[in-house]
Amino acid sequence: MISDLPAPTNPAADNAAAQVIEETFTKVSIGDIEADGSPQALLRGRVVDAWRRRHGGGSPKPILVLVGGYAGSGKTEFSRFLSDVTGWAFLDKDSLTRSIVERLLISLGSDPNDRQSELYLKEVRPLEYRCLMETAWDNLDVGTSSILSAPFIAELKDEAWFTRLENRCAAKGIDLAAIWVRCDPESMREYIEFRGAARDAWKLNNWEQYAAGIDTDTSPPTAHVTVDNRLGSAISLADQTREALKRILA
C-alpha cells in the first residue's frame, strides 16, 4: 500500500509522485481529460491535490466520489487505488450492508443471495443505498472526503436523482464527482468467477441473459469521468502506478 510508506521529505520526490498520479488518471480516462475547468480536469486536480496535502497539511472542502459500474467491472479495486492515493475514506456497499441484506432477505422469505428479484429491487436495494449514503454523510459532515463503491446503475442514469444530490452537496459545501468504470463482458465474467461470491450465482448461471441486459459501451449521463478497465487496463495501470510511487518515495 502506498499509504504504508513514510511521507517523502524531498519536495522533488513529492512533485514526481504527483506527476505520476496525474498521468495515470489521464491515461485511464476514456475520451482523455478535457481542458482546465472541465469536470475531468477538476477531479484530477482534486486527486493530485489530495496527494500533496497528505504530506503538507491543511484540507480543502470535502468531496464525495461515486464510483459505479457493473458487477466485476473493477470499481472496488479502482476505488481502493483512489483511496490509497488520496487518503479519502473508502466505503464499499457490500462490506457495509451484505450481512444485514442477507438476513433481511431471509426474513422476507427469499434467498439471501437474491440480487435480481422484484422483492430485492423494491424492498431491499433502496435500504442498501440509503445505508451507504448515510455513512458517507457522517464522514462528510466532519470534513472527511469519501469514495463510495457501488454499482449506482439506476442512480447515475437518473439525472433528477443526481441533481438532488448535487444540490445537497452544494448546500453543505461539498464537491461531488461521479466515476464510471467501463469493462468488457468477458473480463467481468472472469473476475466474477474468480471472486466466487454467492450473490453472483444467478449472473453466472444465466450469463447470456444477464449480459444482454447491460450496456457496457455507454456511460451514464451524469458520469464526470469514465475509466477504461476493458481487459483490465485501469487496474493494471493502477498497480504499475503503485510500484512507480514506491520507487519514487523509497
Side-chain angles (χ1 to χ4, degrees), residues 1-69 73-92 139-140 143-149 169 173-183 187 219 223-250:
M1 298 290 286
I2 300 166
S3 53
D4 292 336
L5 295 171
T9 56
N10 182 353
D14 197 19
N15 289 335
Q19 185 175 354
V20 168
I21 295 166
E22 185 174 276
E23 290 174 352
T24 299
F25 205 86
T26 300
K27 287 179 181 178
V28 300
S29 301
I30 291 179
D32 209 344
I33 300 293
E34 297 178 10
D36 290 346
S38 69
Q40 300 99 319
L42 292 173
L43 178 57
R44 181 183 62 185
R46 284 299 304 267
V47 170
V48 175
D49 183 63
W51 166 265
R52 295 182 185 278
R53 288 175 182 272
R54 292 186 74 186
H55 309 303
S59 177
K61 63 180 181 178
I63 183 171
L64 172 62
V65 182
L66 311 182
V67 181
S73 61
K75 58 186 177 294
T76 299
E77 285 73 15
F78 188 78
S79 296
R80 286 196 181 105
F81 167 69
L82 196 60
S83 177
D84 200 16
V85 167
T86 60
W88 299 338
F90 166 51
L91 304 175
D92 180 77
N139 279 274
L140 293 161
T144 302
S145 295
S146 299
I147 302 164
L148 310 189
S149 175
C169 286
I174 296 166
D175 285 338
L176 172 65
I179 298 176
W180 182 256
V181 182
R182 186 183 296 178
C183 194
S187 297
S219 302
H224 291 78
V225 174
T226 296
V227 168
D228 186 4
N229 197 35
R230 288 171 292 188
L231 302 177
S233 57
I235 303 307
S236 174
L237 192 56
D239 289 338
Q240 294 175 39
T241 302
R242 286 189 177 100
E243 291 305 313
L245 291 173
K246 288 177 182 178
R247 291 195 299 270
I248 289 170
L249 302 178

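Of the possible polar contacts, one joining the H224 side chain to the A178 backbone as a donor-acceptor pair under 3.5 Å is found. The main-chain N or O of G69 is found under 3.5 Å from a side-chain atom of K75 such that the two form a donor-acceptor pair. With hydrogens and angles ignored, the 3.5 Å screen pairs a side-chain donor or acceptor of T86 with a backbone N or O of L82. For the pair T144 (side chain) and L140 (backbone), a donor-acceptor distance under 3.5 Å is absent. Here the side chain of S83 pairs no donor or acceptor atom with the backbone of S79 at under 3.5 angstrom. Put simply, the side chain of N229 gets close to the backbone of S73: a donor and an acceptor are under 3.5 Å apart. Between the side chain of D228 and the backbone N or O of A234 there is no donor-acceptor pair closer than 3.5 Å.
Across all their heavy atoms, W88 and S146 have their closest contact at CB-N, 4.5 Å. Closest heavy-atom contact between W51 and V85: CE3-O, 3.4 Å. Across P62 and G173, no two heavy atoms sit closer than the pair CD-O, 4.2 Å.
A heavy-atom distance below 4.5 Å is not found between the side chains of V227 and R182. By the 4.5 Å heavy-atom criterion applied to side chains, N139 and L91 are counted as neighbours. L66 is not listed as a side-chain neighbour of I179, based on a closest heavy-atom distance of 4.5 Å or more. Residues D175 and L64 fail the side-chain proximity criterion, which asks for heavy atoms closer than 4.5 Å. Between V181 and E77, every side-chain heavy-atom pair lies at or beyond the 4.5 Å cut-off.
Atom CD1 of I30 is separated from atom OG of S219 by 6.0 Å, given to the nearest 0.5 angstrom. Rounding to the nearest 0.5 Å gives a distance of 9.0 Å between CZ of F78 and CD1 of I147. With rounding to the nearest 0.5 angstrom, the OG1 atom of T26 is 11.5 Å from the CD1 atom of I21. The distance from atom OG of S145 to atom NZ of K61, rounded to the nearest 0.5 Å, is 11.0 Å. I63 CD1 to I174 CD1: the interatomic distance, rounded to the nearest 0.5 Å, is 10.5 Å.
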Practice task
For R242 and D239, run salt bridge (Lys or Arg N to Asp or Glu O under 4.0 Å): C-alpha distance rounded to whole Å, both residues' side-chain angles, the deciding distance at 0.1 Å, then the answer.
Solution key: CA-CA 5 Å; R242 286 189 177 100; D239 289 338; 3.1 Å; yes
Handout entry: R230 and S187: CA distance, side-chain angles, deciding distance, side-chain hydrogen bond (donor to acceptor under 3.5 Å, both in side chains) verdict
Key = CA-CA 7 Å; R230 288 171 292 188; S187 297; over 6 Å; no
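In this view, T76 and R80, F90, D92, S149 satisfy the side-chain contact (heavy atoms from CB on, under 4.5 Å) rule, not counting sequence neighbours. Residues meeting the side-chain contact (heavy atoms from CB on, under 4.5 Å) test with E22, sequence neighbours left out: R44, V48.
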